[in-house]
Amino acid sequence: MLEEVERWLTRRSWSSGDRPLNRLTDARDADPHRTSVSVVLPALNEEATVGRIVATIRRELMEKVRLVDELVVIDSGSTDATAAVARAAGARVVHRDAILPRIPALPGKGEVLWRSLLVTSGEIVCFVDADLRDFSADFVSGTVGPLLTDPDVQFVKAMYDRPLGDAAGQGGRVTELVARPLLNLHWPQLAGFVQPLGGEYAVRRSLLERLPFPVGYGVELGLLVDALHTVGLDALGQVDVGVRVHRHQDGQALGRMAAAIYRTAQLRLSRGHLVRPALTQFERGEDGFVPRTHAVDTEERPPMREIAEYAERHAA
């Protein structure tokens, strides 16, 4: 590990308990405009978990204390009761397709995160996946904490244990097999991030609006790499929030995720194009193995500040 990264680990890695809630609310109240907080949950068919997450954030961080200013669920086309459950629990729910309708929406998590900037107003934006079980408000207060208390910090990732079934620390297979090797080989300054692909992180709007967004699974790696090049390693941090339990994807879904992440890295390394942006996988059928070919996400959205509607809104 680079000496720079070792020093970074001692300065920019914290625990959620390092900043008690009263310290965070005092910091927020001292400058409520600069420290206003929006929490965004991207959601697709998450009726089983989204309600509890929303209710916890609302109760612990909006009613008991005033830390979060707005809580928004972006529904990316759910066919279940995700929107109704989230709304009943106290979130503002916005459908992906209702945001920036002049640009047809593409499928993918990154697309939803990018569009969320147009329907939120906080100077700090905190993203939380909607499939978490045993959710704690520390996922939000922990990640926004350094941004509230240290003006030099721009981007904070949550870190946590990720169990796989009964096996501790065996989750995050794409992280260990794809993302971590890529980062260590090509962006060794980012080798200190425990969960580089984690979906829980908080970022200053002033940085987010300057970054391009891969529309699919590559969004977390893309934002982290681009943030490093935009503001430098010392502006990035991570906070230990304990344990993350969520729904695990099957092996083929992980393969598609891995391909999208590799493509995101490749684009940043060369700014070129993959010769064949597709991934063929195999499923056993009645007559043997059947090939299934899936497109690899190849689209990215431009920095939000280049979008006319966003510029007009923030100039008003």
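- The local environment of CZ in R66 is sparse, with at most 12 non-hydrogen atoms from other residues, nucleotides or ligands closer than 6.0 Å.
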Taking it one step at a time, do E60 and S141 satisfy side-chain contact (heavy atoms from CB on, under 4.5 Å)? CA-CA 10 Å; E60 301 296 328; S141 59; over 6 Å; no
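- Under the 30°/60° scheme for interplanar angles, the aromatic rings of W8 and F193 are found to be tilted.
- For the atom pair L147 CG and D152 CG, the distance stands at 11.0 Å (nearest 0.5 Å).
- In the model, T82 has no side-chain atom that pairs as donor or acceptor with a side-chain atom of E46 under 3.5 Å.
- Between the side chains of E123 and S36, no donor N or O sits under 3.5 Å from an acceptor N or O.
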Tell me, with the steps shown, if E70 and S121 meet side-chain hydrogen bond (donor to acceptor under 3.5 Å, both in side chains). CA-CA 8 Å; E70 62 179 348; S121 58; 3.3 Å; yes
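- Using a 4.5 Å heavy-atom cutoff, the side chains of T149 and L24 are in contact.
- Between the Q189 side chain and the L228 main chain, no donor and acceptor come within less than 3.5 Å of each other.
- Using modelled atom types, one finds no donor on one side chain facing an acceptor on the other under 3.5 Å when comparing T230 with R210.
- S78 and E47 form no side-chain donor-acceptor contact under 3.5 Å, judged by distance and modelled atom types alone.
- Between the side chain of T49 and the backbone N or O of A130 there is at least one donor-acceptor pair closer than 3.5 Å.
- A side chain to side chain contact (heavy atoms under 4.5 Å, CB included) with P212 is found for exactly one of E306, R268, R301, namely R268.
- Taking each heavy atom of A86 and V54 in turn, the nearest pair found is O-CG1, 4.0 Å.
- Distance check: E220 CD to F213 CZ gives 10.0 Å after rounding to the nearest 0.5 Å.
- Shortest non-hydrogen contact noted between Q154 and S206 is OE1-OG, 4.1 Å.
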Assess the residue pair L61 and L21 against the criterion (side-chain contact (heavy atoms from CB on, under 4.5 Å)); give the C-alpha distance rounded to whole Å, side-chain angles, the decisive distance to 0.1 Å, and a yes or no. CA-CA 9 Å; L61 302 178; L21 272 178; 4.0 Å; yes
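- Summarising the geometry, atom CZ belonging to R244 is positioned 4.5 Å from atom CG belonging to D129; distances are rounded to the nearest 0.5 Å.
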